[in-house]
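Each residue takes its place number in the sequence, starting with 1. Keep in mind that what you see is a predicted model, and the values were worked out from it rather than measured.
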Amino acid sequence: MNGFAAVLVLLGVFWTQTSALETFTLQEPQNDYVTGTMTIDNEKHIVDVHVRSGLYSSDTIFDYVHGYIATRLFSRNACFIMKINKEYIPDLEEMGRLAFERQTMNTVYSPYSVWVQFQSGHSRLGRMKDWLVYGKAIEQLCTGLPLYQLAETQPLINANGCANAGVPSILGIKICEKIN
């Protein structure tokens, strides 16, 4: 009977660790005006990021179950959606490790940076079919906003028109308008 109780206690400890929400406060190096919070929901496999930077603030959802990232840029009052590419986007565990290191050591280098483009004038409003594909968390972030599909691109020489999103100092997402 004692062995059974020990197994239950161990399962409880491991279950608590995997189902717990982890929240990190992150700041952009050498910039006191850009702060972010990142919450990892290990149970739902979702990362929720809030970046506060005045006009350039954004909220981003990484939904690892559905395989999509959605970023709401407040300056554009729009939502930008892209498929998670495992080559450029860290997995859930790596994202948590990088956030922990960044918060505790303040000097972590992350090689993750993604450049993406959208086509102006090619937005649409989300439909029921979209929310089934993108998931509930992205639906809550983007309902009622124009949706733009993002496509990965190479870094641009002139990035003046690009918006920054993602996770401060861990994963930079550069969202740029495609110029014809």
Side-chain angles (χ1 to χ4, degrees), residues 21-26 28 34-53 56-100 102-103 108 110-120 122-156 159 161-178:
L21 292 176
E22 300 174 83
T23 300
F24 302 93
T25 303
L26 306 167
E28 194 68 39
V34 178
T35 60
T37 57
M38 180 175 92
T39 301
I40 298 174
D41 187 332
N42 288 310
E43 188 175 292
K44 295 180 181 176
H45 301 283
I46 289 177
V47 176
D48 190 357
V49 180
H50 303 282
V51 176
R52 296 301 167 250
S53 179
Y56 304 105
S57 296
S58 65
D59 286 343
T60 303
I61 297 283
F62 295 77
D63 187 330
Y64 286 92
V65 170
H66 292 91
Y68 285 92
I69 299 171
T71 296
R72 178 180 180 181
L73 293 178
F74 292 100
S75 63
R76 289 196 173 261
N77 198 30
C79 232
F80 300 88
I81 296 177
M82 66 185 257
K83 189 109 175 102
I84 290 177
N85 182 336
K86 294 178 182 181
E87 187 177 329
Y88 301 108
I89 308 296
D91 64 22
L92 187 67
E93 291 78 21
E94 175 77 358
M95 190 81 83
R97 184 187 64 76
L98 288 168
F100 177 77
R102 175 74 184 110
Q103 183 173 273
V108 67
S110 174
Y112 297 105
S113 188
V114 180
W115 287 77
V116 291
Q117 287 184 321
F118 69 97
Q119 185 72 47
S120 185
H122 287 79
S123 70
R124 59 184 168 75
L125 289 176
R127 300 176 305 264
M128 181 64 75
K129 179 180 83 165
D130 296 321
W131 305 135
L132 289 174
V133 171
Y134 299 141
K136 196 69 154 166
I138 291 177
E139 176 185 7
Q140 290 173 342
L141 179 68
C142 298
T143 295
L145 295 173
L147 299 178
Y148 290 92
Q149 193 69 38
L150 293 172
E152 291 175 21
T153 187
Q154 295 299 313
L156 301 177
C162 298
N164 290 321
V167 186
S169 68
I170 293 177
L171 172 65
I173 300 176
K174 308 285 190 232
I175 300 174
C176 309
E177 185 174 350
K178 186 175 184 178

Ile40 vs His45 side-chain heavy atoms within contact, under 4.5 Å: no
Honestly, is Lys178 close enough over Phe118, meaning NZ or CZ under 6.0 Å from the six-membered ring centre and within 45° of the axis? no
Taking atom CD1 of Ile81 and atom CG of Leu147, what is their separation to the nearest 0.5 Å? 4.5 Å
Just how far is it from atom CG of Asp63 to atom CG of Leu141, taken to the nearest 0.5 Å? 11.0 Å
Spacing of Asp48 atom CG and Thr37 atom OG1 [to the nearest 0.5 Å]: 7.5 Å
Nearest heavy-atom neighbours spanning Trp115 and Cys162: CZ3-SG, 4.1 Å
From the list Arg76, Gln119, Gln117, side chain to side chain contact (heavy atoms under 4.5 Å, CB included) partner of Glu177 resolves to Arg76
Shortest non-hydrogen contact between Tyr148 and Ala78, atoms and distance: CE1-CB, 3.8 Å
Minimum heavy-atom distance between Ser58 and Leu73, given as atom pair plus value: CB-CD2, 3.8 Å
From Cys142 atom SG to Leu125 atom CG, the distance as rounded to the nearest 0.5 Å: 11.0 Å
Can you list the residues that meet the side chain to side chain donor-acceptor pair (under 3.5 Å) rule with Glu152, with sequence neighbours excluded? Asn85
Between Tyr134 and Arg124 the two heavy atoms that sit nearest each other are OH-NH2, 3.5 Å
